[in-house]
Amino acid sequence: MAKKIYRAGIDVLFPPSCVDCGGVVEAGWYRHLCGPCAARLHVVQPPFCPTCGHPFFGALEENRRCAHCETLAPRFGEGRTAILLQGSGRSLIHTLKYHAGLHVLGDITSAMRRASGYADYVRGAVLVPVPLHPRKHRERRYNQSRLLADCAVQAADGQAEVKELLRRITDTPTQTHFDREARRENLKNAFALAPGATLNPSLRYLLVDDVFTTGSTLNSCAAVLRRGGALRLDVVTFGHG
């Protein structure tokens, strides 16, 4: 309570600026998105693709995959995402990922709580962050997927745990401008189980990444966990796009 009162006082004296438009943020659901930008944050609600979590718009057939997943052969079961990676949503994840913006983690947790069914989907699972290569981790000083996994645990009221069961053994180039086939080739043998990692076939594992784009990174990690003994394996991301 004291922390909330202190933060409220700081916000009055030094109002935070919006990470999307740069304007002043007044009281609202998010501390770093102003009212208009928060209104444009596309928090995912059903119906959505069961494989990646991308929302459907308009009529659809039950259990139908979206266009992003029609040619994907997933090594995991289901997938969920909290927001679409556009506008203010893109600004949130880019602030965290490229500008050391750890201050937006609270807003990310809030968005996860607002995404329909997201917290329930996370509860009871073992969350496995997609790892960074050690070189990139040294440069960035944190793994955004690990931080997002922690946010997901908070959104689920602590009813989940995080285990770093994977390591990245190949320092692959950025995937940003690759198509699905190039991404798949780029990620061959890029991941392995972390030293000493063991998997319990009775537990549900949930791979965590920042963004679902083609699913190639998640599929590559899922293949390693499958070989390691994960029978119940799903994925979750913060954004999709």
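Counting from 1, the numbers follow the sequence of the chain as shown. No hydrogens, no waters, no symmetry mates; every other heavy atom, side chains included, goes into these values.
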Q: Is there a path from Val43 to Trp29 through hydrophobic residues (I, L, V, M, F, W, Y) whose side chains come within less than 4.5 Å of each other?
A: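 In one cluster with Val43: Trp29, yes.
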Q: Applying salt bridge (Lys or Arg N to Asp or Glu O under 4.0 Å), which residue pairs with at least one partner in residues 207-223 are found, sequence neighbours left out?
A: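 Residue pairs with at least one partner in residues 207-223: Lys97-Asp210.
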Q: Applying the 4.5 Å side-chain criterion to the ILVMFWY set and letting contacts propagate, would Phe238 and Leu127 be lumped into a single cluster?
A: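 They do share one cluster, since a chain of ILVMFWY contacts under 4.5 Å joins Phe238 to Leu127.
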Q: Using the rule given for salt bridge (charged side-chain N to carboxylate O under 4.0 Å, His left out), can you reason through Arg141 versus Glu139, listing the C-alpha separation, both sets of side-chain angles and the distance that settles it, and then say yes or no?
A: CA-CA 6 Å; Arg141 294 177 294 176; Glu139 289 179 357; over 6 Å; no
Q: Compare all side-chain heavy atoms of Val128 with those of Leu166 and state whether any distance is below 4.5 angstrom.
A: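 Yes. Closest side-chain heavy atoms under 4.5 Å.
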Q: List in chain and number order the residues that pass side chain to side chain donor-acceptor pair (under 3.5 Å) with Arg204, two or more places apart in sequence or in another chain; answer none if no residue qualifies.
A: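 Scan of Arg204 (side chain to side chain donor-acceptor pair (under 3.5 Å), adjacent residues dropped) gives Asp234.
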Q: If I compare all heavy atoms of Ser17 with all of Val25, which pair ends up nearest, and what's the gap?
A: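 That would be C-CG2, 3.7 Å.
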Q: Which residue pairs pass the ring-ring contact (aromatic ring centres under 6.0 Å, His included) test with at least one member in residues 111-155, sequence neighbours excluded?
A: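 Listed by first then second residue: nothing to list.
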Q: Rounded to the nearest 0.5 Å, what separation is found between the CE atom of Met112 and the CD atom of Gln154?
A: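 The distance works out to 9.5 Å.
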Q: Determine the minimum heavy-atom distance between Gln45 and Pro55, stating which atoms define it.
A: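 Minimum heavy-atom separation between Gln45 and Pro55: O-CB, 4.1 Å.
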Q: Give every residue pair that meets the side-chain hydrogen bond (donor to acceptor under 3.5 Å, both in side chains) criterion with at least one member in residues 102-115, sequence neighbours excluded.
A: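 Found none.
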Q: Honestly curious: do Phe191 and Leu72 fall in one hydrophobic cluster under the side-chain, below-4.5 Å linking rule?
A: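 In one cluster: yes.
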Q: Work out which heavy atom in Cys49 is nearest to a heavy atom in Arg65; give both atom names and the distance.
A: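 The pair with the smallest heavy-atom distance is SG-CA, 3.9 Å.
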Q: Side-chain donor-acceptor pairs under 3.5 Å in residues 89-96, sequence neighbours left out?
A:
residue: Arg90; atom: NH2; partner: Leu85; partner atom: O; Å: 2.9
residue: Ser91; atom: OG; partner: Asp20; partner atom: OD1; Å: 2.6
residue: Ser91; atom: OG; partner: Gly87; partner atom: O; Å: 3.4
residue: Thr95; atom: OG1; partner: Ser91; partner atom: O; Å: 2.7

Q: Are the side chains of Leu132 and Arg140 in touch, meaning some heavy atoms are under 4.5 Å apart?
A: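 Counting from C-beta outward, Leu132 and Arg140 do come under 4.5 Å.
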Q: What pairs with Leu203 under side-chain contact (heavy atoms from CB on, under 4.5 Å), at least two apart in sequence or on another chain?
A: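 Expected list: Val126, Asn200, Tyr205.
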Q: Are Val130 and Val236 connected into the same hydrophobic cluster when the rule is that any two of I, L, V, M, F, W, Y join if their side-chain heavy atoms are below 4.5 Å apart?
A: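 No, separate clusters.
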Q: Sort and list the pairs that fulfil side-chain hydrogen bond (donor to acceptor under 3.5 Å, both in side chains) and have at least one residue in residues 218-227, not counting sequence neighbours.
A: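 Qualifying pairs, neighbours excluded: none.
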Q: Looking at every heavy atom in both Pro129 and Ala149, which two are closest together, and how far apart are they?
A: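 Nearest pair, atom of Pro129 first, then Ala149: CG-CB, 4.2 Å.
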Q: If I compare all heavy atoms of Gly241 with all of Val211, which pair ends up nearest, and what's the gap?
A: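 So the minimum-distance heavy-atom pair works out to O-CG1, 3.6 Å.
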Q: Mind checking side-chain contact (heavy atoms from CB on, under 4.5 Å) for His99 and listing every partner two or more places apart, or none if nothing turns up?
A: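 His99: no side-chain contact (heavy atoms from CB on, under 4.5 Å) contacts found.
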Q: Let me know which of Leu193, Leu233, Leu231 forms a side-chain contact (heavy atoms from CB on, under 4.5 Å) with Leu199.
A: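 The residue from Leu193, Leu233, Leu231 that satisfies side-chain contact (heavy atoms from CB on, under 4.5 Å) with Leu199 turns out to be Leu193.
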Q: Does the plane of the ring in His240 sit parallel, tilted or perpendicular to the ring in His54? Use 30° and 60° as the thresholds.
A: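 Perpendicular: the ring planes of His240 and His54 meet at over 60°.
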Q: Applying side chain to side chain donor-acceptor pair (under 3.5 Å), name anything that partners Asp150, two or more places apart in sequence or on another chain.
A: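 Side chain to side chain donor-acceptor pair (under 3.5 Å) check on Asp150 returns Arg146.
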Q: Quick check: is Leu84 connected to Tyr30 through a chain of hydrophobic side chains (ILVMFWY, heavy atoms under 4.5 Å apart)?
A: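 In one cluster: no.
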Q: Do the side chains of His42 and Ile83 get nearer than 4.5 Å, heavy atoms only?
A: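 In short, these two side chains do not touch, never coming nearer than 4.5 Å.
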Q: Could you check whether any side-chain heavy atom of Val19 comes within less than 4.5 Å of a side-chain heavy atom of Leu33, counting everything from C-beta outward?
A: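 The answer is yes, as the side chains (C-beta and beyond) meet within the 4.5 Å cut-off.
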Q: Looking at every heavy atom in both Ala194 and Glu164, which two are closest together, and how far apart are they?
A: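 Reported closest heavy-atom pair: CB-O, 3.8 Å.
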Q: Could you list all the ring-ring contact (aromatic ring centres under 6.0 Å, His included) pairs where at least one residue sits in residues 73-93, not counting sequence neighbours?
A: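 Listed once each, the pairs would be none.
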Q: In chain order, what residues pass the side-chain contact (heavy atoms from CB on, under 4.5 Å) check against Pro46, with sequence neighbours excluded?
A: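 Per chain and number, Pro46 pairs via side-chain contact (heavy atoms from CB on, under 4.5 Å) with Phe48, Ser116.
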Q: Are the side chains of Val235 and Leu206 in touch, meaning some heavy atoms are under 4.5 Å apart?
A: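 Answer no - side chains too far apart.
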Q: What pairs with Pro36 under side-chain contact (heavy atoms from CB on, under 4.5 Å), at least two apart in sequence or on another chain?
A: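 By the side-chain contact (heavy atoms from CB on, under 4.5 Å) rule, Pro36 matches Cys34, Arg40.
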Q: Just verifying a value: how many Å separate Leu41 CG and Ser88 OG, rounded to the nearest 0.5 Å?
A: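 Those atoms lie 4.5 Å apart.
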Q: State, yes or no, whether a side-chain contact exists between Arg167 and Pro134 at a heavy-atom distance under 4.5 Å.
A: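 Arg167 vs Pro134: side chains apart.
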Q: Does some side-chain heavy atom of Leu148 sit less than 4.5 Å from a side-chain heavy atom of Thr237?
A: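 Answer no - side chains too far apart.
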Q: Under the 3.5 angstrom rule, does the side chain of Asp157 hit a backbone N or O of Gln159 as a donor-acceptor pair?
A: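 Not at all, since once roles are kept as given, no pair shorter than 3.5 Å links the two residues.
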Q: Report yes if the side chains of Arg80 and Val44 come closer than 4.5 Å at any heavy-atom pair, otherwise no.
A: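 The answer is no, as the side chains (C-beta and beyond) never meet within the 4.5 Å cut-off.
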